[in-house]
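Notes follow the structure.
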Amino acid sequence: MSMPIPRPGHHLPGPNHPGDPTMSFADPHEVHAEVEALLGRLGTSTLEDGTRLESIPEQAKILEQAHDVLVAALATVDKI
């Protein structure tokens, strides 16, 4: 997996302190759109480049990309 896995009580590296002017939170609309676009690719039989989307490894790759988007979005949220 390309993203570090968050653990309970541990924050991922990056700006995660309240009041930090460089802090940027993931835009929920962008995250939703990106995940929807990735999941929408699962319903097609071919990708834009003509690659056949019939194998489980190709589907798993798309699901992993969607997961990475969600993990990155969650990493921008300060956990209490």
Side-chain angles (χ1 to χ4, degrees):
M1 182 164 13
S2 61
M3 297 291 300
I5 299 173
R7 303 281 185 219
H10 296 107
H11 295 286
L12 291 174
N16 59 0
H17 301 289
D20 184 349
T22 62
M23 178 187 258
S24 64
F25 292 102
D27 178 22
H29 299 291
E30 287 181 22
V31 172
H32 186 266
E34 192 170 347
V35 170
E36 283 294 318
L38 286 165
L39 296 180
R41 291 170 49 190
L42 292 174
T44 62
S45 60
T46 58
L47 299 176
E48 294 83 22
D49 64 357
T51 303
R52 302 284 299 166
L53 186 63
E54 295 177 350
S55 72
I56 291 175
E58 290 165 350
Q59 292 176 357
K61 182 179 176 182
I62 291 172
L63 291 172
E64 184 174 0
Q65 289 171 342
H67 176 263
D68 288 345
V69 169
L70 294 171
V71 168
L74 286 173
T76 68
V77 179
D78 189 29
K79 303 284 190 244
I80 296 176

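Fair warning: this is a prediction, and the values are worked out from it, not measured in the lab. Positions are given from 1 along the sequence.
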Rounded to the nearest 0.5 Å, how far apart are CZ of Arg41 and CD of Glu58? 10.0 Å

Hits for side-chain contact (heavy atoms from CB on, under 4.5 Å) against Leu39, two or more places apart or cross-chain, chain-then-number order -> Val35, Leu42, Leu63, Ala66

Working to the nearest 0.5 Å, report the span between CG of Leu70 and CD of Gln65. 12.0 Å

What one should report as the nearest heavy-atom pair of Val31 and Ala73 is CG2-CB, 3.7 Å

